[in-house]
Amino acid sequence: MVAALRYLVGACGRARGSFAGGSPGACGFASGRPRPLCGGSRSACTSSFDIVIVGGGIVGLASARALILRHPSLSIGVLEKEKDLAVHQTGHNSGVIHSGIYYKPESLKAKLCVQGAALLYEYCQQKGISYKQCGKLIVAVEQEEIPRLQALYEKGLQNGVQGLRLIQQEDIKKKEPYCRGLMAIDCPHTGIVDYRQVALSFAQDFQEAGGSVLTNFEVKDIEMAKESPSRSIDGMQYPIVIKNTKGEEIRCQYVVTCAGLYSDRISELSGCTPDPRIVPFRGDYLLLKPEKCYLVKGNIYPVPDSRFPFLGVHFTPRMDGSIWLGPNAVLAFKREGYRPFDFSATDVMDIIINRGPAGVRAQALDRDGNLVEDFVFDAGVGDIGNHILHVRNAPSPAATSSIAISGMIADEVQQRFEL
């Protein structure tokens, strides 16, 4: 698995800039969660850590949890720029537990999704987190869609997705009485969950194991410590300095960045290449009227059209009983732009230069403008590159795959940093 990681060759040299977005506040521990324990070989309340994870979304928190469970003697901290955890992509998605049917066979997306879905169901069961394995139908409504549907079914079988079957019109009605179609793929292992609740549970596991979560810490710079004339112990033991927008700093030995919508900008702070560049796409949903929610029992998706990069408008039940219809996919003019008219000149320049709820998806583009479909990891080169692992692209189904991804990241951290 580790050998399969895609690495970019980092363009070295110092890159100047800041980690934009969010309102800075007083640095503190995440509210609403247990305060960090001060056990282990070092106090969890220290400003120096063995490992720091930048980003308090579901991938960052899962990775922090995996690392501290595997290396309980290390001091590990999570830095999050908002006052609460998991409020961006993690807290603004459809909540679907994907089965792994859509992704290219042998790709990391496919492998991690199938493995991650099984691990996620198991985790939710262990922790008492509510979920529904309500299934999904991918429905062909036109004759011309049937060959694509059959090809998708074969892809799902290659990926090891369990329980798939092709069904005809009568069986479609049995599964979804108000759905009409010519043929469908029945995906019984698709489900729904509140991913923010999952992420906060990861954070609680992490903190109970001795980890620290620092919120309101907006990263502005990552650099090698400048050795003091006295050759201070901290300077040698914790060679990486992470500074925030208020001038505060954290020292550490190693950094793992899981910055989501800002993964390219954070990587550039440590001297890496800007590619792949993150381009935000906003997805808007409509809500079915409450009295009409009986019309939909599980997820209902169209046959994906290869001319478009996303899965198409679909019906998605939610844990609160509501039904979402969507999303569309439109270019967002702000990386955290959840409203139609949210605008950031900085984010728009990044793009130009190279009614219900809404979410923003961090879609990576390569230097030729092509969508980057799989997970991308980067380490950079030079002294600072030897201490950093960047998660540059973790697209959907990253939430579904989060536990599997965290295991892969922990493997790579252990091997790369010789823990």
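Note that the numbering runs from 1 along the sequence shown for the chain. All values below were derived from every heavy atom in this structure, side-chain atoms included, with hydrogens, water molecules and symmetry-related copies excluded.
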Contact summary for [X] and [Y], nearest pair of heavy atoms:
{"X": "Val114", "Y": "Gly160", "answer": "CG1-O, 4.0 Å"}
{"X": "Ile101", "Y": "Gly156", "answer": "CG1-CA, 3.7 Å"}
{"X": "Asp171", "Y": "Arg165", "answer": "OD2-NH1, 4.4 Å"}
{"X": "Ala199", "Y": "Leu61", "answer": "O-CD1, 3.5 Å"}
{"X": "Pro302", "Y": "His314", "answer": "CD-CB, 4.1 Å"}
{"X": "Cys258", "Y": "Ile53", "answer": "SG-CG2, 4.4 Å"}

Would you say the side-chain atoms of [X] and [Y] include a donor-acceptor pair closer than 3.5 Å?
{"X": "Gln158", "Y": "Glu154", "value": "no"}
{"X": "Ser47", "Y": "Arg251", "value": "no"}
{"X": "Tyr195", "Y": "Thr400", "value": "yes"}
{"X": "Glu218", "Y": "Asn244", "value": "no"}
{"X": "Asp50", "Y": "Ser75", "value": "yes"}

**OP:** Answer yes if the ring centres of Tyr123 and Phe202 are under 6.0 angstrom apart, and no otherwise.
**Re:**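 Yes, close enough.
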Original post:
Given the side-chain rings of Tyr301 and Phe315, with only the six-membered ring counted for Trp, is the space between their centroids under 6.0 Å?
Top reply: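 No, the ring centres sit 6.0 Å or more apart.
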Does any non-hydrogen side-chain atom of [Y] lie less than 4.5 Å from one of [X]?
{"X": "Ile240", "Y": "Ile384", "value": "yes"}
{"X": "Leu112", "Y": "Met408", "value": "yes"}
{"X": "Thr190", "Y": "His98", "value": "no"}
{"X": "Val255", "Y": "Ile51", "value": "no"}
{"X": "Ile192", "Y": "Cys134", "value": "yes"}
{"X": "Val413", "Y": "Leu67", "value": "yes"}
{"X": "Leu149", "Y": "Leu166", "value": "yes"}
{"X": "Ile250", "Y": "Phe217", "value": "yes"}

Has [X] got a side-chain atom pairing as donor or acceptor with [Y]'s backbone, closer than 3.5 angstrom?
{"X": "Glu176", "Y": "Gly298", "value": "yes"}
{"X": "Lys109", "Y": "Tyr102", "value": "no"}
{"X": "Ser201", "Y": "Gln197", "value": "no"}
{"X": "Glu80", "Y": "Glu82", "value": "yes"}
{"X": "Glu145", "Y": "Ala140", "value": "no"}
{"X": "Ser401", "Y": "Ala398", "value": "no"}
{"X": "Arg148", "Y": "Pro304", "value": "yes"}

**OP:** Check whether more than 12 heavy atoms from other residues, nucleotides or ligands sit under 6.0 Å from atom CD of Glu291, and answer yes or no.
**Re:**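 Yes, because the 6.0 Å sphere around CD of Glu291 holds more than 12 heavy atoms from other groups.
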**OP:** Take Glu248 and Lys243 through the test salt bridge (Lys or Arg N to Asp or Glu O under 4.0 Å) and record every step on the way to the result.
**Re:** CA-CA 6 Å; Glu248 300 163 338; Lys243 297 180 180 179; over 6 Å; no
Original post:
Can you check side chain to side chain contact (heavy atoms under 4.5 Å, CB included) on Ile266 and Leu269, steps first, answer last?
Top reply: CA-CA 5 Å; Ile266 282 288; Leu269 290 181; 3.9 Å; yes
**OP:** Using the side chain to side chain contact (heavy atoms under 4.5 Å, CB included) rule, take Arg196 and Val198 through it: C-alpha gap first, then chi angles, then the decisive distance, then the call.
**Re:** CA-CA 5 Å; Arg196 186 158 190 262; Val198 174; over 6 Å; no
Kindly compute the distance separating [atom1] ([X]) from [atom2] ([Y]), expressed to the nearest 0.5 Å.
{"X": "Arg318", "Y": "Leu287", "atom1": "CZ", "atom2": "CG", "answer": "9.5 Å"}
{"X": "Lys289", "Y": "Ser322", "atom1": "NZ", "atom2": "OG", "answer": "15.5 Å"}
{"X": "Gln168", "Y": "Leu182", "atom1": "CD", "atom2": "CG", "answer": "9.0 Å"}
{"X": "Lys136", "Y": "Leu164", "atom1": "NZ", "atom2": "CG", "answer": "9.5 Å"}
{"X": "Gln414", "Y": "Arg70", "atom1": "CD", "atom2": "CZ", "answer": "5.5 Å"}
{"X": "Asp221", "Y": "Glu249", "atom1": "CG", "atom2": "CD", "answer": "10.5 Å"}

**OP:** For the pair Arg180 and Lys173, evaluate side chain to side chain contact (heavy atoms under 4.5 Å, CB included) and give the outcome as yes or no after the intermediate values.
**Re:** CA-CA 7 Å; Arg180 299 292 179 265; Lys173 286 184 183 180; 3.9 Å; yes
**OP:** Please work out which of the three classes, parallel, tilted or perpendicular, describes the rings of His387 and Tyr254, given edges at 30° and 60°.
**Re:**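 Geometry flag for His387 against Tyr254: parallel rings.
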Subject >> ring pair (Phe, Tyr, Trp, His ring centres under 6.0 Å) partners for His189, two or more places apart >> reply: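 Partners of His189 by the ring pair (Phe, Tyr, Trp, His ring centres under 6.0 Å) criterion come out as none, since no residue qualifies.
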Subject >> side chain to side chain donor-acceptor pair (under 3.5 Å) assessment of Arg392 paired with Ser267 >> reply: CA-CA 8 Å; Arg392 296 293 299 265; Ser267 299; 3.2 Å; yes
Original post:
With Lys127, which residues qualify under side chain to side chain donor-acceptor pair (under 3.5 Å), at least two apart?
Top reply: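 Checked Lys127 against side chain to side chain donor-acceptor pair (under 3.5 Å); matches are Asp205.
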**OP:** Determine, step by step, whether Tyr121 and Ile97 satisfy the side chain to side chain contact (heavy atoms under 4.5 Å, CB included) criterion, reporting the C-alpha distance in whole Å, the side-chain angles of both residues, the deciding distance to 0.1 Å, and the verdict.
**Re:** CA-CA 9 Å; Tyr121 281 128; Ile97 303 173; 3.6 Å; yes
